[in-house]
Amino acid sequence: MTLYSRITGTGSYLPPRRVSNDELAQELAGRGIETSNEWIVERTGIHARHFVADGVNSSDLALEACRHALEAAGRSAAEVDLIIVATSTPDMVFPSSAAILQHKLGIAGCPAFDVQAVCSGFVYALTVADAMVRTGAAKCALVVGAEVFSRILDFNDRTTCVLFGDGAGAVVLEASDTPGILASDLHADGSHVGILCVPGHVSGGQVLGTPLLHMDGQAVFKLAVRVLEEAARATLAKAGKTEADIDWLIPHQANIRIMHGTAKKLKLGLDKVIVTVHEHGNTSAASIPLALDSAVRDGKVRTGDTVMLEGVGGGFTWGAVLLNL
Ligand SMILES: CC(C)(COP(=O)(O)OP(=O)(O)OC[C@H]1O[C@@H](n2cnc3c(N)ncnc32)[C@H](O)[C@@H]1OP(=O)(O)O)[C@@H](O)C(=O)NCCC(=O)NCCS
């Protein structure tokens with residue numbers, strides 16, 4: 001009997017258009033908005049982000065990430081029996097980006113659905129996939145985070161538009177006799193809807209309300225550091241582990257100061273924190289699998305390492321997954 005699920009391959013993809021802070025600052029200056037590379041780097045740790053071209057959607061980014069993940073796992077798309085895509089920027093209102101991705105992978109029949117938990121989406125999706133694998137509902141799952149946040153940014157709001165980017169990351173999660181995912185801990189508190197949201201919705205053929213991202217950065221910052229510490233501790237407790245057992249912390253890549261604050265609270269050295277936010281900004285649900293894949297391909301995170309993944313975002317939602325790679 002299969003008791004566990006385990007990540008057997010990782011992949012990621014950033015669209016080719018890389019926009020440095022200086023380039024973005026120049027574009028914004030054309031709109032009369034003032035910002036600078038220095039301000040963005042100092043407050044966030046972000047140096048650049050990647051933006052998709054017109055007509056490129058989340059499922060396109062997801063497809064590239066999945067191809068890399070499948071190759072790393074030594075699996076073909078035909079072996080996949082579950083697809084979960086975490087996204088807040090789906091291709092369409094419906095069907096799901098997961099269903100569109102399935103078709104682009106050239107397969108049909110297996111369950112495919114999206115998870116919407118904003119920047120916590122990947123840890124939510126991984127937890128759902130783990131549960132399905134452990135109950136025998138799936139043996140070889142693709143778990144993906146894919147976003148085109150450039151489509152929902154207000155480029156007249158310097159407090160938000162400098163922070164986000166587009167990208168995708170994916171893992172292949174397979175049934176295993178040995179423990180991979182050790183424990184997870186998920187939460188939501190809808191009383192904080194207003195501090196990070198895209199409040200618009202489609203009605204009668206029109207968008208009602210603003211379809212652009214709104215955020216109270218300071219409120220998000222304070223809440224994020226607190227809940228990330230709590231989620232990490234709760235997950236460690238469920239797994240019967242302590243902070244000392246963590247080889248690598250891979251937090252949601254939103255802001256270097258949030259990541260460092262979380263590491264400090266967990267008494268983890270900064271050399272144990274995987275940071276890729278400088279290269280792609282906040283890619284919401286894609287950020288954790290992007291960072292994981294980058295760390296695996298760099299040879300930092302290796303098979304057997306104990307890794308803590310942590311997400312936090314709109315909703316408010318937050319959660320963590322502890323795993324042995
Ligand atoms: C958004 C964030 C970077 C702002 O940093 P901060 O240190 O809180 O900065 P403040 O909001 O206090 O703004 C400080 C000043 O910088 C200005 N400012 C804001 N954005 C700026 C920008 N892009 N360029 C230059 N100046 C900017 C503000 O207008 C303010 O000016 P003032 O003092 O004259 O009023 C920070 O709050 C943050 O990272 N929050 C969490 C965001 C996040 O990670 N969200 C996603 C979670 S899923």
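Whatever order the structure lists them in is the order used to number ligands and atoms, beginning at 1.
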of all protein heavy atoms, closest to atom 19 (C) of ligand 1 is W39 CZ2, 3.4 Å
Fill in: Crowding at CZ, R302 (>12 non-hydrogen neighbours, <6.0 Å)
no
Heavy atoms of V193 and G190 approach each other most closely as CG2-O, 2.9 Å
Next on the checklist: Do L82 and C110 make a side-chain contact, defined as non-hydrogen atoms from C-beta onward lying under 4.5 Å apart?
Outcome noted: no
Between S88 and E147, the two heavy atoms sitting closest are N-OE1, 3.0 Å
The protein heavy atom nearest to atom 41 (C) of ligand 1 is G217 O, 3.4 Å
Between D154 and T160 the two heavy atoms that sit nearest each other are O-OG1, 4.4 Å
d(E42 CD, N37 CG) to nearest 0.5 Å is 11.0 Å
inquiry  = Closer than 4.0 Å and a protein heavy atom, does any atom meet both conditions relative to atom 26 (N) of ligand 1?
reply    = yes
Numbered in order shown, the ligand 1 atoms found under 4.0 Å of a heavy atom of T44 are 3 (C)
The protein heavy atom nearest to atom 36 (C) of ligand 1 is R257 NH2, 4.0 Å
Contact region, T160 to ligand 1, non-hydrogen atoms below 4.0 Å, reads neither
Give the ring-plane orientation class for F51 versus F155, where under 30° counts as parallel, over 60° as perpendicular and anything between as tilted. perpendicular
Looking only at protein heavy atoms, what sits closest to atom 42 (C) of ligand 1 is M215 CE, 3.5 Å
**Message:** Determine whether a donor-acceptor pair (N or O, by modelled atom type, separation under 3.5 Å) exists between the side chain of D247 and the backbone of V307.
**Reply:** no
Atom 23 (N) of ligand 1: closest protein heavy atom, distance to 0.1 Å, is R158 O, 2.9 Å
Nearest heavy-atom approach of R257 to F221 is CB-CZ, 3.7 Å
- Run the side-chain contact (heavy atoms from CB on, under 4.5 Å) check on L228 and I258 step by step: do they pass? CA-CA 9 Å; L228 286 174; I258 294 179; 3.8 Å; yes
*Does the pair E279/R18 count as a salt bridge with the N-to-O cut at 4.0 Å?*
yes
>> Looking only at distances, can you tell me whether any N or O atom of H252, backbone or side chain, sits closer than 3.5 Å to an N or O atom of ligand 1?
In response: no
At under 4.0 Å between heavy atoms, what of N255 touches ligand 1? The answer is side chain
for atom 24 (N) of ligand 1, nearest protein heavy atom and its distance come out as T35 OG1, 2.7 Å
Logged contact type for V118 with ligand 1, heavy-atom cut-off 4.0 Å, is neither
Quick note on ligand 1: atoms under 4.0 Å from a heavy atom of A254 include exactly 44 (O)
Shortest non-hydrogen pair, I46 vs A254, comes out as CD1-O, 4.0 Å
Residue, atom and distance of the protein heavy atom nearest atom 47 (C) of ligand 1 read V220 CG1, 3.6 Å
Report task. Verify the contact flag for atom 33 (O) of ligand 1, where contact means a protein heavy atom under 4.0 Å away. Result -> no
Residue, atom and distance of the protein heavy atom nearest atom 10 (P) of ligand 1 read Q218 NE2, 3.5 Å
Review point. N/O to N/O below 3.5 Å, does that happen between S36 and ligand 1?
Key: no
Task: Per-atom contact, atom 30 (C) of ligand 1, protein heavy atoms, under 4.0 angstrom - done: no
### Query
More than 12 foreign heavy atoms under 6.0 Å from NZ of K238: is that the case here?
yes
**Asked** Quick one: does C119 get an N or O within less than 3.5 Å of an N or O on ligand 1?
**Response** no
If we number the atoms of ligand 1 from 1 as shown, the ones under 4.0 Å from a heavy atom of V312 are 48 (S)
At under 4.0 Å between heavy atoms, what of N282 touches ligand 1? The answer is side chain
### Query
So I107 and I83, side-chain contact (heavy atoms from CB on, under 4.5 Å) or not? Walk me through it.
CA-CA 11 Å; I107 56 176; I83 300 173; 4.1 Å; yes
For R43, the ligand 1 atoms with a heavy-atom partner under 4.0 Å come out as 6 (P), 7 (O), 9 (O), 14 (C)
V162 heavy atoms within 4.0 Å reach ligand 1 at atoms 23 (N)
Would a search of protein heavy atoms around atom 16 (O) of ligand 1 find one under 4.0 Å away? yes
For G313, the ligand 1 atoms with a heavy-atom partner under 4.0 Å come out as 48 (S)
(message) For atom 3 (C) of ligand 1, is there a protein heavy atom at a distance under 4.0 Å?
(response) yes
query: Taking C-beta and beyond as the side chain, do V133 and Y4 meet within less than 4.5 Å on heavy atoms?
result: no
